Amino acid sequence: MLLVCAVVWPEVLVDPNGWMMTVQGDGLKNYFTPAWYVKHGSGLTFEGYNYPFGEHVVFTDNQPLLSSLLSAINQVLPIEDYTVGIINSLMFLNLILCSILLVIIQRRLNINWIWAAIAAVFLTIVSPHLSRMYGQMAMSYCALIPWVWLLVLNIYEQRKTTLNVIVLFLTLVFSAYIHMYPALICVSFVLAFSAVMFILDRSAFKHCVALFCVGLSSVIITKLGVDLTDSVTDRMEMPPGFLEHYATPISLLFGYKGFPFNELKAALNPHANFNFEQHVFLGLVPVLTVPFLLIKFLSRIFKKQIVAAFRVSRYPAMRVSLLSAGFVLLFSFAVPFKPFGLEWLADYTGSLRHFRVLGRFAWVFYFVFGVFVSSQLYDFTRALSKRGYKKVSLLFITCIVLLCTADSIREVNVMYAVGPVSNHFQAAELIQNIKQNPIDFTQFDAIVPYPLFHIGSEYFPFYPEDHTRELFALSYQTGLPLAGTMSARTSLSQTQSTYNFIKENEFQQLDFLDNIPESDSVFLILVDSQQAKAPRFIEGRDPFQIYEPYHLYSVTKDEIKSFLQRESQQAIEEATRNIELNTSQNRSLFFQDTIRQNEANVIFEFVGSDYTPVKNQLEFSAWFYLKENASGLPWMWIEEYDSNGNKLSQQTRPHSHLIDRRIRQSIDFTVFPDRKYIIRAGKNTEPITDVLFRKRYQNFYSKRGSVFYKNTVPIH
């Protein structure tokens, strides 16, 4: 396995701290969060982003257990600038450990060392964990499943049971504080194994109970640990994906991309919305073995050898393992939710709804089935040799090795295209420019990015990638926290506060600043001039540093607050002067009643000649109430039809603004005479209020109670 790593990633193996497997998306963030924590952080709150609130370490993918350990070591031995190298090294060591554990498990099935070693290497390379090295490093530790499997086998075979129960419990709990997904996947296998073991072997009742208690108690302790230390109470209850990113038989048999039988995959399921998150390809050899296993099974059934048909292996431990992995596989298929139309059951799954990708639970089946196939093929080749077909046996083994090699090359080529690249925390262009003309960063409290980057609450994903790369590098080098966020499940109220302040709404809100107790706080405003204009509160100021395309400004909390208060007062005065505008004269249409969609989801329908001259730019706006258990961002679109009812176009990119726990979406468009326009809302988007249809740039004012509104936006 070490030789494979040397061939595939020679530069990273020689200089692990000089390279990152990727600097895209989750990959960059999952390097940033542990590296920043080790260098600047402490405790259970990660303060590198989501300023001024911070974030619980568990939701940042910073591998809390590892980061805390490295942070403690850093107090004695300076290693803070080597976190990237440590993470890379652990991923490589994990591949080697995974291979060793798979060899040990196969030896339990009386497979010889050479066969077991070859099978272990190929199973490790083709495993779905390998692709996680290029983005979700904490989920790339493929050794965890074989390690848990080995401990479970020891308990099943009653080998030092007490010791193995203790080690298994500690493994499940500690792995949860590396990453929750692999831990829960392993817990599901442990619980399934205890159930199958109880059904097949009632004499092992004590061991079944022990396994069940270990699995259940590890979940309870982990959940209590997070709940008791997490101050956020309004995280998303059910993020998008729970009932979308599930595994299927097609995803197991054909993989995500690069497989030689893509045409067959399309023919079998032409309408499948197949994506990377469903990637749990079993491998060429296991897939090609499936038909022969089915023939063997059906032939025994036909011969009425029922018991022999279900005794798929001569090893009881393998039979229990395979059946247990099969139950976990069914859950990865979204059973019972999807196949039986019981999606409503998801509302009663508690914290499980936070896990966005059920397909990952198939990882257990990948390893168990792979070892099972290895044992079956090993027995088959031995049988050929014993019957005098040694040359046939040798040819068969050669074909297996060639298929596995082709499979491994395919997998590596698909993933290697992503990286590796130079360590961005050291090589970022902005960092190099600042080193040439240094800035005193100690005068600042935080970095406020324009445009905002945010991933986490699921309502407002906003991620300008190049911009974020430079920000992460700058924050890592300076220790200044970022106001942007790229987390797992963020607080909805914190997201609103940050979004309303940084995003350019009609009126920026003050509650973000109210969460910062120090009145003399100084912010470094970093504006990417290619993607965003400078915020209104620094208009007229000259940046104190320019590193194209980044313009840097310095501004205090009090200066921003004074500006926003003046702006709000001016807006109220303007609204007072214009409140009596005749809506029939300015061609605006406004109504406040709540709209609940009918089956067609039509919000508004009109003919162009009834409302506006040719080519007049209009805006349609509507408000959507946020629901904490909503799945994804509400949205709307405009459809254009000719006089014969033929659909001409559809605009599906509304502008979104978040204010006062509500989303305002607006669409700018051109209306032509004698054309019909229908404005629709997405599924389950209700209620909708405060609908406004107006000429663009022609402000509409209203007052409800004591609150003034400009274009349906409250003026605070």
Side-chain angles (χ1 to χ4, degrees), residues 1-8 92-130 141-157 159 164 186 189 193 281-290 292-293 312-322 324-325 363-386 389-390 392-409 411-412:
M1 195 65 232
L2 183 61
L3 179 61
V4 171
C5 293
V7 171
V8 179
F92 292 134
L93 290 172
N94 168 76
L95 295 175
I96 297 170
L97 179 60
C98 181
S99 300
I100 293 172
L101 291 170
L102 289 173
V103 169
I104 294 172
I105 292 172
Q106 289 179 90
R107 290 291 295 153
R108 296 279 183 92
L109 305 178
N110 293 322
I111 298 174
N112 72 29
W113 286 101
I114 297 176
W115 182 286
I118 294 173
V121 169
F122 285 127
L123 279 172
T124 301
I125 295 174
V126 185
S127 76
H129 295 75
L130 192 75
Y141 300 144
C142 52
L144 179 62
I145 292 176
W147 172 244
V148 169
W149 186 15
L150 184 59
L151 293 174
V152 169
L153 290 178
N154 287 341
I155 296 170
Y156 176 78
E157 296 170 354
R159 302 187 184 198
N164 281 285
C186 290
F189 180 55
F193 200 98
F281 180 48
L282 294 176
L284 273 173
V285 172
V287 166
L288 294 175
T289 306
V290 168
F292 297 99
L293 294 174
V312 293
S313 173
R314 55 196 175 96
Y315 301 101
M318 187 71 250
R319 292 199 294 270
V320 176
S321 298
L322 193 60
S324 303
W363 294 356
V364 171
F365 187 81
Y366 167 83
F367 283 109
V368 175
F369 187 72
V371 170
F372 168 70
V373 168
S374 174
S375 68
Q376 293 290 303
L377 294 178
Y378 176 71
D379 289 345
F380 180 70
T381 56
R382 286 188 65 195
L384 285 176
S385 296
K386 287 181 179 180
Y389 301 108
K390 290 187 177 181
V392 177
S393 176
L394 183 60
L395 178 62
F396 184 72
I397 293 171
T398 303
C399 291
I400 291 175
V401 172
L402 290 175
L403 283 172
C404 289
T405 302
D407 206 13
S408 302
I409 292 172
E411 184 70 20
V412 170

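In this text, all values refer to a predicted model and were calculated from it rather than measured experimentally. All residue numbers in this chain count up from 1 along the given sequence.
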Chemist: Between the main-chain N or O of Ala143 and the side-chain N or O of Asn94, is there a donor-acceptor pair closer than 3.5 Å?
Modeler: yes

Chemist: Taking the side chain as everything from C-beta on, heavy atoms only, tell me whether Leu282 gets closer than 4.5 Å to Val373.
Modeler: no

Chemist: Kindly determine whether Tyr389 and Phe396 satisfy ring pair (Phe, Tyr, Trp, His ring centres under 6.0 Å), including the steps that lead there.
Modeler: CA-CA 10 Å; Tyr389 301 108; Phe396 184 72; over 10 Å; no

Chemist: Can you tell me how far the NZ atom of Lys390 sits from the OG1 atom of Thr381, to the nearest 0.5 Å?
Modeler: 12.5 Å

Chemist: For residues Glu157 and Arg108, report the shortest heavy-atom separation together with the two atoms involved.
Modeler: OE1-NH1, 3.0 Å

Chemist: Does the side-chain contact (heavy atoms from CB on, under 4.5 Å) test come out yes or no for Cys186 and Trp147, once each step is laid out?
Modeler: CA-CA 10 Å; Cys186 290; Trp147 172 244; over 6 Å; no

Chemist: What I want to check is whether the side chains of Gln106 and Ser374 have a donor and an acceptor closer together than 3.5 Å.
Modeler: yes

Chemist: I need the Thr124 OG1 to Leu102 CG distance, nearest 0.5 Å.
Modeler: 5.0 Å

Chemist: Test side-chain contact (heavy atoms from CB on, under 4.5 Å) on His129 and Tyr141 and set out the steps.
Modeler: CA-CA 7 Å; His129 295 75; Tyr141 300 144; over 6 Å; no

Chemist: Decide side-chain contact (heavy atoms from CB on, under 4.5 Å) for Val287 and Phe281; before the verdict, give the C-alpha distance in whole Å, the side-chain angles of both, and the deciding distance to 0.1 Å.
Modeler: CA-CA 9 Å; Val287 166; Phe281 180 48; 3.8 Å; yes

Chemist: For the side-chain contact (heavy atoms from CB on, under 4.5 Å) test, which of Ile100, Val368, Ile105, Val371 pairs with Pro146?
Modeler: Ile105

Chemist: Is Tyr366 reaching over with its side chain to a backbone N or O of Ser127, donor-acceptor style, under 3.5 angstrom?
Modeler: yes

Chemist: Around atom CH2 of Trp115, are there more than 12 heavy atoms from other residues, nucleotides or ligands closer than 6.0 Å?
Modeler: yes

Chemist: As an exercise, state the distance from CD1 of Ile400 to CG of Leu284, rounded to the nearest 0.5 Å.
Modeler: 12.0 Å

Chemist: To the nearest 0.5 Å, how far apart are OG1 in Thr398 and CG in Leu394?
Modeler: 4.5 Å

Chemist: Given Ser321, which of Phe193, Tyr156, Tyr315, Phe369 fulfils the side-chain contact (heavy atoms from CB on, under 4.5 Å) condition?
Modeler: Phe193

Chemist: Where do Leu109 and Ser375 come nearest, in terms of heavy atoms and distance?
Modeler: CD1-CB, 4.0 Å

Chemist: Run Leu293 and Gln376 through side-chain contact (heavy atoms from CB on, under 4.5 Å) and show every step you take.
Modeler: CA-CA 9 Å; Leu293 294 174; Gln376 293 290 303; 4.2 Å; yes

Chemist: Taking all non-hydrogen atoms of both residues into account, name the closest pair between Ser324 and Phe189 and its distance.
Modeler: CB-CE1, 3.8 Å

Chemist: Output the distance between atom CD1 (Ile104) and atom CZ (Arg107), rounded to the nearest 0.5 Å.
Modeler: 10.5 Å

Chemist: Return the minimal non-hydrogen interatomic distance between Ala117 and Val103, and the atom names on each side.
Modeler: CA-CG2, 3.7 Å

Chemist: Would you say the side chain of Trp149 lies within less than 4.5 Å of the side chain of Leu101, judging by non-hydrogen atoms?
Modeler: no

Chemist: Would the distance check show the side chain of Thr405 and the main-chain N or O of Val401 forming a donor-acceptor pair, the cut-off being under 3.5 Å?
Modeler: yes

Chemist: Test your reading of the model: is there a side-chain donor-acceptor pair from Ser408 to the backbone of Phe122, 3.5 Å cut-off?
Modeler: no

Chemist: Can you tell me how far apart CZ (Phe92) and CG (Leu97) are? Round to the nearest 0.5 Å.
Modeler: 15.0 Å

